[in-house]
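This report refers to the structure that appears directly beneath it.
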Amino acid sequence: MFKNVITRKPSKSMVHGITTVNLGKPDYEKALLQHSEYVKALKGCGVNTIELEANEDYPDSCFVEDTALLTKKCAIITNPGAESRKGEEKEISEVLKDFYDNIEVIKNPGTVEGGDIMMVGDHFYIGLSARTNEEGARQMISFLEKYGYTGSTVPLKEFLHLKTGVSYLGNNNLLATGEFLDSTEFREFNIIEVSKDDDYSANCIWVNGKVLVPKGFKNTRDAIIKAGYDVIELDMSEFQKLDGGLSCLSLRF
Ligand code: CIR
């Protein structure tokens, strides 16, 4: 169960956020509305929400997931690999002091972004991507082991982050698409397959029994319902324009 969720309001500067897709610039007002629906949905899952103010200095700062890994026993502050995102993690570190006694920090030359880390019980899968390097993963695994957890790496070929293409929904159910459909790392899971055309919807979040799913992906939604979950659909169009999914917009702990 998650008790708390941290989010950060989108900044006006989000229109300058990093993107690899050709969907146009996000509409800021619409993004604010979608973000408030997202926070409302999380509240409906029974969590306490900590809503941080927008930070205009960082166009991608609403994607707060990338700045830390939060576990039951410790917080690990990441070190973003994207140049324009370096520094986002410092502010989160301040906020986390109210919740954690044990705070660890990933240091250069290691880089890690939270979107590359997927928690499955006490094990953490760490994607090796353009944002998370081997040294960052090595530091992350050694911090995890210090607190009794385990970690392993998963090399990425096409996706931005590990969780762009795979989401753990509990009960051994794994939503997966593209390169992760036949990964040896994930072969013990019940795979809920997301088609290539719908690959944006492989990023969903499980929050206390409910699954938040991006709106407009009927096949994915139906497959998740068929697996026994209550689903909440959310319009994510403005965040999709910046390669951002549902998990990216919060830190859940
Ligand atoms: C970026 O490229 O960093 C942002 N535009 C999107 C970050 C998405 N975050 C995530 O998947 N955890």
Side-chain angles (χ1 to χ4, degrees), residues 5-28 31 34-35 38 42 52 54-70 75-92 106 111-119 124-133 136-137 140 154 156-168 175-180 194 199-207 212-214 234 236-253:
V5 165
I6 299 175
T7 60
R8 185 184 289 287
K9 231 186 206 174
S11 55
K12 290 197 183 85
S13 60
M14 78 180 291
V15 295
H16 305 300
I18 311 170
T19 186
T20 60
V21 287
N22 256 328
L23 297 171
K25 286 209 181 300
D27 175 325
Y28 171 64
Q34 292 178 355
H35 195 263
Y38 177 80
L42 288 169
L52 307 177
N55 185 339
E56 293 296 337
D57 295 342
Y58 295 100
D60 287 295
S61 53
C62 61
F63 302 117
V64 77
E65 170 181 68
D66 293 318
T67 60
L69 174 68
L70 303 185
I76 303 170
I77 308 298
T78 63
N79 188 18
E83 212 47 52
S84 66
R85 302 200 61 186
K86 289 187 186 296
E88 283 182 34
E89 74 287 359
K90 298 219 165 56
E91 294 212 19
I92 285 294
I106 302 290
T111 65
V112 174
E113 293 189 2
D116 275 318
I117 306 181
M118 181 172 73
M119 178 179 78
F124 293 78
Y125 291 93
I126 303 169
L128 296 175
S129 67
R131 306 288 182 87
T132 296
N133 63 17
M140 183 58 78
V154 182
L156 266 62
K157 294 187 212 102
E158 52 179 290
F159 288 116
L160 170 64
H161 288 127
L162 176 67
K163 284 185 292 187
T164 313
V166 74
S167 303
Y168 184 60
L175 198 60
T177 192
E179 66 189 85
F180 301 124
V194 174
D199 64 356
Y200 177 73
S201 63
N203 180 276
C204 289
I205 46 174
W206 177 94
V207 187
L212 275 55
V213 180
L234 290 167
M236 288 289 290
S237 64
E238 303 317 295
F239 301 103
Q240 186 177 5
K241 291 174 182 172
L242 297 180
D243 295 321
L246 285 157
S247 74
C248 324
L249 290 177
S250 61
L251 283 162
R252 303 159 296 280
F253 61 111

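Only this structure's heavy atoms are used, side chains among them; waters, hydrogens and symmetry mates stay out. Atoms within each ligand, like the ligands themselves, are counted from 1 in listed order.
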Handout entry: Residue Gly115 vicinity, atoms of ligand 1 by number, heavy atom under 4.0 Å
Key = 12 (N)
Handout entry: Ligand-side contact atoms (ligand 1) for residue partner Arg131, heavy atom cut-off under 4.0 Å
Key = 1 (C), 2 (O), 3 (O)
Practice task
Give a yes or no on whether Lys12 atom NZ has more than 12 heavy-atom contacts from other residues, nucleotides or ligands under 6.0 Å away.
Solution key: no
Exercise for the section: Write out the residue and atom name of the closest protein heavy atom to atom 10 (C) of ligand 1, then the distance separating them to 0.1 Å. Expected result: Cys248 SG, 2.7 Å
Practice task
Record the part of Arg85 in heavy-atom contact with ligand 1 below 4.0 Å; permitted values are side chain, backbone, both and neither.
Solution key: side chain
Handout entry: Verdict with supporting geometry, Asp116 and Arg131, salt bridge (Lys or Arg N to Asp or Glu O under 4.0 Å)
Key = CA-CA 8 Å; Asp116 275 318; Arg131 306 288 182 87; over 6 Å; no
Handout entry: Thr7 vs Leu42 side-chain heavy atoms within contact, under 4.5 Å
Key = yes
Practice task
Please answer whether the main-chain N or O of Ser247 pairs with a side-chain N or O of Arg252 as donor and acceptor at a distance below 3.5 Å.
Solution key: yes
Problem - Lys163 to ligand 1, any heavy atom closer than 4.0 Å - result: no
Practice task
Would you check whether Asp243 has a nitrogen or oxygen atom less than 3.5 angstrom from a nitrogen or oxygen atom of ligand 1?
Solution key: no
Practice task
Name the orientation class of the two ring planes belonging to Phe239 and His35 (parallel below 30°, tilted from 30 to 60°, perpendicular beyond 60°).
Solution key: tilted
Handout entry: N/O separation below 3.5 Å, Glu65 to ligand 1
Key = yes
Exercise for the section: Give a yes/no verdict on whether any heavy atom in Asp60 is under 4.0 Å from an atom of ligand 1. Expected result: yes
Exercise for the section: Before signing off on this row, confirm whether Ile18 and ligand 1 have an N or O atom pair separated by under 3.5 Å. Expected result: yes
Handout entry: ligand 1 to Leu242 polar contact by distance, N or O atoms, under 3.5 Å
Key = yes
Handout entry: Glu113 N/O under 3.5 Å from ligand 1 N/O
Key = no
Exercise for the section: Using modelled atom types only, decide if a donor and an acceptor are shared between the side chain of Glu113 and the backbone of Gly81 within a distance under 3.5 Å. Expected result: yes
Handout entry: Shortest protein heavy-atom distance from atom 9 (N) of ligand 1, along with the residue and atom involved
Key = Asp66 OD2, 2.9 Å
Fill in the blank from the handout: Rounded to the nearest 0.5 angstrom, the CD1-CE distance for Ile126 and Met119 is 13.0 Å
Practice task
Give yes or no for whether the N/O distance cutoff of 3.5 Å, strictly under, is met between Ser247 and ligand 1.
Solution key: no
Handout entry: Pair Glu88, Thr67: side-chain N/O donor-acceptor within cut-off below 3.5 Å
Key = no
Problem - Approximate separation, where rounding is to 0.5 Å, of Ile205 CD1 and Leu246 CG - result: 5.5 Å
